[in-house]
Amino acid sequence: MLRLYNSLTRRVEEFRPSRSNRVKMYVCGPTVYDYSHVGHARTYISYDFLARLLRLHGYSLFYLMNITDVDDKIIQRAAERGMDPLEHAREFERYFMEDLRELKIGSINLFARASEHIDEIIAVIEELLRKGFAYVTETGVYFDTAAFGPYGELSGREPEELSVHRIEPDPTKKRPQDFALWKRRPVDELGWDSPWGYGRPGWHIEDTAIILTYFGPQLDIHGGAIELIFPHHEAERAQAEAYSGVSPFSRFWVHTGLLTVGGEKMSKSLGNIITIREVLRRFSAEDLRYFYAMSHYRSPVEFDWERLEVASRALEGVLNVFEELRRRDVADEDSEEDRTLVEQLRSHRDSFVSSLQDDLNTPEALASLHAATRTLSRYLESRDEISRTVLVEAEGFRSLVDGVLGVFPEDLGHRARLLEGVLDLLLDVRERLRREKKYEMADAIRSGLAMLGVSVEDTSRGPRWRLRASRG
RNA sequence: GCCCGGGUGGCCGAGCGGCUAGGCGGCGGCCUGCAGAGCCGUUUCACAGGGGUUCGAAUCCCCUCCCGGGCUCCA
């Protein structure tokens with residue numbers, strides 16, 4: 001049974017969807033005004049793990065993500081480039097989609113743009129006004145936080161303390177903690193007509209309106225990074241529950257820890273960002289995914305290149321074992337030892353799964369994976385042929401691990417057949433050179449191939465080659 | 001200031017009342033033309049500090065110190 005930490009109750013709880021096996025999950029998506037950084041990647045990879053795990057459990061998951069394409073920063077950036085804001089947003093949305101694909105995040109079913117849900121947003125605001133949870137002033141429409149009792153509950157704050165503010169609040173609001181649902185703007189700015197004049201939606205309302213549109217008044221999992229819990233998620237919850245009267249809006253509120261650099265969170269305003277693209281030039285997507293799996297999703301993670309290197313090496317050790325396994329000849333008969341081994345693998349696989357079921361404890365799950373690879377490695381050490389049942393069991397483990405974590409690189413495509421043939425031929429020649437003790441030439445071939453990104457290893461069972469991600 | 005999280009062996013990082021986590025690194029050995037990979041052993045069982053509770057605490061309670069996040073831009 002899957003257990004998940006719920007920020008609303010501050011406890012790990014048993015996860016069950018509200019009805020049947022359908023799971024509705026929403027995660028706060030990006031504001032597409034610039035390239036995404038590895039902090040964003042951490043969040044999206046964490047929810048990708050969760051999504052994959054849910055599907056593995058047989059749940060029919062619908063994973064929804066919004067794209068914020070209406071925003072002050074977008075307008076500002078677009079103005080700097082002399083571009084239309086929505087065009088600017090489309091461009092960076094494209095980059096975001098490319099990043100997701102590169103990172104092997106394919107679990108999201110639907111992306112919803114804020115700009116394409118203005119009607120729905122307006123309808124929600126109208127209903128909030130009708131129910132007395134909002135009020136109109138000359139600058140816009142505001143949510144009346146005093147009218148919503150549980151305001152502050154999600155983030156654990158008392159209403160009084162919420163009146164502290166860093167930015168001078170709009171003077172027309174009743175209370176500093178009230179937030180904008182609709183902001184009146186001049187007609188030459190990006191905006192839409194509304195019953196309250198031309199303008200734009202407030203920051204929090206798009207998520208609520210999108211969720212209400214696709215999921216109705218309640219969803220199973222609402223995710224995002226911890227920095228969003230207040231005010232963003234608090235506001236979302238208030239809007240939705242005030243609108244529908246259904247509580248809780250989200251049965252589980254899930255929050256991922258932040259990525260830090262030099263002890264401070266990675267963010268554009270601090271200027272310490274490393275883009276996803278930058279990392280993928282030096283490490284594979286698998287390396288990065290493994291790196292994130294090495295810490296729990298709720299812990300803060302310090303980013304640095306050396307740690308990524310550590311992750312990459314640890315992953316390599318795992319991959320080596322499974323690769324070697326596929327190279328061996330297979331025997332159909334099982335010995336007593338083979339049967340014992342299969343039992344051990346099963347038990348490691350079981351612990352791997354239960355660790356993941358326990359609030360997505362990926363670091364603990366990796367310990368089981370390592371236990372399994374060590375077991376397999378010892379087994380391989382002691383024999384030439386491997387038993388079919390062992391191979392089947394190991395392959396099952398491998399696809400389970402890959403199914404959730406996505407850390408095994410794709411197999412070479414069929415186009416690589418030729419490359420394979422050529423490499424085997426070349427290594428055959430090199431073997432002859434080695435037998436004739438012409439090591440200089442043999443080494444030249446090896447280092448030449450290394451420069452091309454093909455690593456060669458000589459083993460007692462003959463040469464092995466592998467394509468490696470470039471490092472630098 | 002207020003509200004949340006944290007402080008674990010050389011580094012990273014699980015564990016959250018009793019049961020050798022794990023990874024990376026270092027050292028020694030096996031294997032090997034070299035390199036790499038792998039295996040075996042080793043790096044003296046570590047939990048910020050101080051008080052408690054308990055037969056027993058890294059794990060629970062109290063105090064102190066330090067770090068991070070939030071307090072209406074944020075994944």
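Every chain is numbered from 1, with letters handed out A, B, ... down the list of sequences.
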Open item on the list: Under the salt bridge (Lys or Arg N to Asp or Glu O under 4.0 Å) definition, can you give me all pairs with a residue in residues 35-51 of chain A, not counting sequence neighbours?
Closed with: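 Qualifying pairs, neighbours excluded: A:Asp48-A:Arg52, A:Asp48-A:Arg289.
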
Point to revise | Pairs where residues 367-380 of chain A contributes a residue and the test salt bridge (Lys or Arg N to Asp or Glu O under 4.0 Å) is met, not counting sequence neighbours | key: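 Counting only pairs at least two positions apart or across chains, no salt bridge (Lys or Arg N to Asp or Glu O under 4.0 Å) contact touches residues 367-380 of chain A.
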
Is the [X]-[Y] ring centre distance short of 6.0 angstrom?
X: A:Tyr214; Y: A:His117; result: yes
X: A:Phe148; Y: A:Tyr151; result: no
X: A:Phe15; Y: A:Phe252; result: yes
X: A:His233; Y: A:His255; result: yes
X: A:His348; Y: A:Phe397; result: no
X: A:Phe96; Y: A:Tyr44; result: yes

Taking the basic N atoms (NZ, or NE/NH1/NH2) and the acidic carboxylate oxygens, is any pair closer than 4.0 Å for [X] and [Y]?
X: A:Arg3; Y: A:Glu13; answer: no
X: A:Asp287; Y: A:Arg282; answer: no
X: A:Asp34; Y: A:Lys73; answer: no

If you look at every strand shown and take non-hydrogen atoms under 4.0 Å, does [X] touch a base, only sugar-phosphate, or nothing?
X: A:Asp304; result: nothing
X: A:Gly39; result: base
X: A:Leu259; result: base
X: A:Glu264; result: sugar-phosphate

TODO: Would you please name every residue forming a side-chain hydrogen bond (donor to acceptor under 3.5 Å, both in side chains) with A:Asp424, sequence neighbours left out?
DONE: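 Expected list: A:Trp465.
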
cation_pi([X], [Y]) dist<6.0 Å, angle<=45:
X: A:Lys268; Y: A:Tyr33; answer: yes
X: A:Arg434; Y: A:Tyr439; answer: no
X: A:Lys174; Y: A:Tyr142; answer: no

Sorted by first residue and then second, give each ring pair (Phe, Tyr, Trp, His ring centres under 6.0 Å) pair with at least one member in residues 299-329 of chain A; sequence neighbours left out.
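Matches after skipping sequence neighbours: A:Phe303-A:Trp305, A:Phe322-A:Phe408.
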
- Query: Which residues within residues 41-52 of chain A lie with some heavy atom under 4.0 Å of an atom in RNA chain B?
  - Reply: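 RNA chain B contact set from residues 41-52 of chain A: A:Thr43, A:Tyr44.
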
Item checked: Neighbours of RNA chain B within residues 26-34 of chain A, by heavy-atom distance under 4.0 Å ->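 The answer is A:Cys28, A:Gly29, A:Thr31.
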
If you measure from the [atom1] atom in [N] to the same atom in [M], how many Å do you get, rounded?
N: B:C24; M: B:C19; atom1: C1'; result: 26 Å
N: B:A21; M: B:A14; atom1: P; result: 15 Å
N: B:G50; M: B:C55; atom1: P; result: 23 Å
N: B:C16; M: B:G7; atom1: P; result: 13 Å

Range-with-range stems for RNA chain B, at least three Watson-Crick or G-U pairs under 3.5 Å: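 RNA chain B stems, ordered by first number: B:1-7 with B:65-71, B:10-12 with B:22-24, B:25-30 with B:38-43, B:48-52 with B:60-64.
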
Once base and sugar-phosphate atoms are separated, protein heavy atoms under 4.0 Å mark nucleotides 10-22 of chain B, 5' to 3', with B, S and - as --SSSS-----BS

Readout for nucleotides 32-37 of chain B: B = base within 4.0 Å of protein heavy atom, S = sugar-phosphate only, - = neither; 5' to 3' it is -BBBBS

Report, one pair per line, the protein and nucleotides 27-31 of chain B atoms (nitrogen or oxygen only) whose separation is under 3.5 Å.
none

For A:Ser335, give me all partners under side-chain contact (heavy atoms from CB on, under 4.5 Å), at least two apart in sequence or on another chain.
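For A:Ser335 the side-chain contact (heavy atoms from CB on, under 4.5 Å) partners, ignoring immediate neighbours, are A:Glu337, A:Asp338.
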
- Message: Can you list everything that forms a salt bridge (charged side-chain N to carboxylate O under 4.0 Å, His left out) with A:Arg446? Sequence neighbours excluded, please.
- Response: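 So A:Arg446 forms a salt bridge (charged side-chain N to carboxylate O under 4.0 Å, His left out) with A:Asp443, A:Asp458.
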
- Respond yes when some side-chain nitrogen or oxygen of A:Ser377 is under 4.0 Å from OP1 or OP2 of B:C39, and no when none is.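 Yes.
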
